[in-house]
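Single-structure report; data block below.
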Amino acid sequence: MPVVPLTPDLRRRLVTAARKAVRMSYSPYSKFKVGAAILTDTGRIYSGCNVENASYGLCNCAERTAIFTAVAAGERRLRAVAVYTPTPVATMPCGACRQVISEFGPEAVVVSVCDGKERLETVIPALLPAAFGPHDLGVRETNPPQPRRRR
Ligand code: THU
């Protein structure tokens, strides 16, 4: 599968999708809104927001909402992630999200934008060095999505 180049246009679309996704943030407890968008190797963009819960430990980050939505749609490889927070400074994905991004995009680019001038851009190997991954479990090929059954 050819690698989708992260062109300036795709980067812009990804950031726009993250900014849009924040509108659906369900964050009545932290009041910290997050929007995320991911670009997969098929060139598609999926977005998500953080979804909190009265049982705090069940809160789901925006990045994972977007990634799980993509995986459920049959995607397996992640090329880039954009995070948007309506804050003066940009924030990077939390540790749990770095691990989940790494599962599907060990080389993924991570872009973070906010309402201030700050814009961060890095890659997963820098955010999660020496990551634990499928290779540690002896898994070389992760399971592909099953083709849709005809009805
Ligand atoms: N949050 C995210 O959505 N992404 C991150 O990478 C960090 C934190 C959310 C989780 C929770 O709803 C709120 O931000 C405060 O932690």
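Every number for a ligand or one of its atoms is a count from 1 in the order of the listing.
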Open item on the list: Do Y29 and N53 pair up side chain to side chain, a donor and an acceptor below 3.5 Å, judged on atom types alone?
Closed with: no
Where is the nearest protein heavy atom to [atom]: which residue, which atom, and how far?
atom                    : answer
atom 9 (C) of ligand 1  : N50 ND2, 3.6 Å
atom 6 (O) of ligand 1  : E63 OE2, 2.7 Å
atom 1 (N) of ligand 1  : C61 SG, 3.6 Å
atom 11 (C) of ligand 1 : E52 OE2, 3.2 Å
atom 3 (O) of ligand 1  : A62 N, 2.9 Å
atom 14 (O) of ligand 1 : F32 CD2, 3.4 Å

Open item on the list: Taking distance alone, with N or O pairs closer than 3.5 Å, would you say C94 contacts ligand 1?
Closed with: yes
Task: M92-V22 co-clustered via ILVMFWY side chain contacts under 4.5 Å - done: no
- [ ] Is it possible for you to say whether F68 and V110 belong to one hydrophobic cluster, with membership spreading through side-chain heavy-atom contacts below 4.5 Å?
- [x] yes
Open item on the list: Which residues pass the salt bridge (charged side-chain N to carboxylate O under 4.0 Å, His left out) test with R119, not counting sequence neighbours?
Closed with: none
Open item on the list: Using the salt bridge (charged side-chain N to carboxylate O under 4.0 Å, His left out) criterion, which residues pair with E52? Sequence neighbours excluded.
Closed with: none
TODO: Compare all side-chain heavy atoms of L10 with those of L39 and state whether any distance is below 4.5 angstrom.
DONE: yes
- [ ] Would you confirm whether any non-hydrogen atom of the protein falls under 4.0 Å from atom 16 (O) of ligand 1?
- [x] no
Task: Per-atom contacts, ligand 1 versus P93 - under 4.0 Å to a heavy atom - done: 6 (O)
- [ ] Pull out every atom of ligand 1 sitting under 4.0 Å from any heavy atom of S30, numbered as shown with elements.
- [x] 13 (C), 15 (C)
Task: For the student: nearest non-hydrogen atoms of A108 and I101, plus distance - done: CB-CG2, 4.0 Å
